[in-house]
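Below, chains carry the letters A, B, ... as their sequence lines are ordered, and counting in each starts from 1.
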2 protein chains.
Amino acid sequence: MSIAERRERQRAERYDLILAAARELAEAEGWDAVTTRRLAGLIDYSQPVLYSHFKGKADIMAAVATRGFEELAARLRMETANVTGARDVLRNVCDAYLGFARSRPVIYEAMFVLPTKIKFASEETPTALRAAFAELVAALGPDRQEPEFLAEVLWSALHGLVVLAQSGRIPATGAEARLNVLVQKFGR
Amino acid sequence: MSIAERRERQRAERYDLILAAARELAEAEGWDAVTTRRLAGLIDYSQPVLYSHFKGKADIMAAVATRGFEELAARLRMETANVTGARDVLRNVCDAYLGFARSRPVIYEAMFVLPTKIKFASEETPTALRAAFAELVAALGPDRQEPEFLAEVLWSALHGLVVLAQSGRIPATGAEARLNVLVQKFGR
DNA sequence: ACACTGATTCTAGCGTTGCTAGTATCTCTG
DNA sequence: CAGAGATACTAGCAACGCTAGAATCAGTGT
């Protein structure tokens, strides 16, 4: 079985190679620059090889997004784990969310903006995505009324701030003032 | 000068024809279906005619979006004009915003989601867009601290609710409950 | 050691996209 | 009624996602 295992391993390595290339190219030049031809060139394989790993370009982006969910969940977890004042936790989690979006704008785009096949709020939802949402719920503190809805509205506000700023529809200046407003409104 | 005027008028009519066709096609099948060839076919002209009116597809979408700003501003104005309780005004304006997004999803997309050349929060910002934002500020009531930032955060929350729902990332059910949460948090 | 078989990867190409150069046509002017 | 200028067309380019079919490589059995 060792030959089959080696093949499997090599395939997995190439899978990672594709994802890394897609991520780097997207971060450098945006998702429009991520064409199947350029991607194939970057990994020194021909174009159709991509289709033996992924159904298509959308599938590649979904895979990049899934890894993004893991990173986001980890970042948020770090903030809820540090138990300080409840107000601080909310603020730090929001800040971490915004920070993630700022540091990985194109991955955020794949996760939350571009059309996606990934199922949200269902049984097929990736674990990491559920975990990230759970951190938002936790950050709002216990004993809230309708915690799911509350967290969804908070998430909407955070997401709105991110995308409107990224697309230049909200000024780059004043980000901290807006965060203050948000925390004040959603804090106890 | 009457011949030149007639030509001018005919050009303007064709301009409107293109915009109407783009809008209808987008509403029926989405922006991806709005190709320059299909658009040309719908108005019974050849493809390059489009480029005598617009710089390109993005320019056409921007024009559709601009008309959308006018409609949105008008809808919001109707709610702030009806002076009832301050809490009701905020609620009604938010509801009107969400209603606009629901009734004209693809126009909303061109206005607030897709990459755009339209300048926001600057001197070149279309009048209707400024007006719409001013309605949001007004809905929050007078004598607020940092009314601009507050309105921007409210707008972000509304926008987040819209796009996350439209892309299936937030469940379709519970929209009213989320609106309740939002109004409760941002009301006095 | 060698031919066979099946998986793997490549070349080449399809249909579509936004956009444009160059030609033909059509309209108004002198 | 002929010339000039605006107007709209045909035809084509480069790039896109994706795929069929040929070629090449690896592992197996005799």
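- In this structure, B:Arg75 fails the cation-pi test against B:Tyr97, since its NZ or CZ atom is not both closer than 6.0 Å to the six-membered ring centre and inside 45 degrees of the ring normal.
- Considering only side-chain atoms of A:Tyr45, the nucleotide from C:dT9, C:dG18, D:dG17 that sits closest is C:dT9.
- Taking the side chain of A:Arg7 as heavy atoms from C-beta on, and the options D:dC18, C:dT8, C:dC10, the nearest nucleotide is C:dT8.
- Side-chain contact check for A:Leu72 versus A:Ile107: every heavy-atom pair is 4.5 Å or farther apart.
- Heavy atoms of B:Thr35 sit under 4.0 angstrom from primed sugar atoms or phosphate atoms, though from no base atom.
- One can place CD of B:Gln10 at 14 Å from C1' of C:dC28, the figure rounded to the nearest angstrom.
- Closest to the side chain of A:Thr36, out of D:dC18, C:dG18, C:dT9, is D:dC18.
- Side-chain atoms of A:Gln47 come within donor-acceptor range of the base of D:dC18, with a qualifying N/O pair under 3.5 Å.
- The side chain of A:Arg14 lies closest to C:dT9 when the candidates are C:dT9, C:dG13, C:dT17.
- Closest to the side chain of B:Ser46, from the set C:dT17, D:dC18, D:dA8, is D:dA8.
- Aromatic ring centres of A:Tyr45 and A:His53 lie farther apart than the 6.0 Å criterion allows.
- Distances were taken from every side-chain heavy atom of B:Pro48 (C-beta onward) to each of C:dC19, D:dC18, C:dT20; the shortest belongs to C:dT20.
- Rounded to 10 degrees, the angle between the two end axes of the helix from C:dA1-D:dT30 to C:dG30-D:dC1 is 30°, with five pairs used at each end.
- If you measure from atom CZ of B:Arg37 to atom P of D:dT10, you get 13 Å, rounded to the nearest angstrom.
- Geometric assessment of A:Arg169 against the ring of B:Phe112 yields a negative cation-pi assignment under the 6.0 Å and 45° thresholds.
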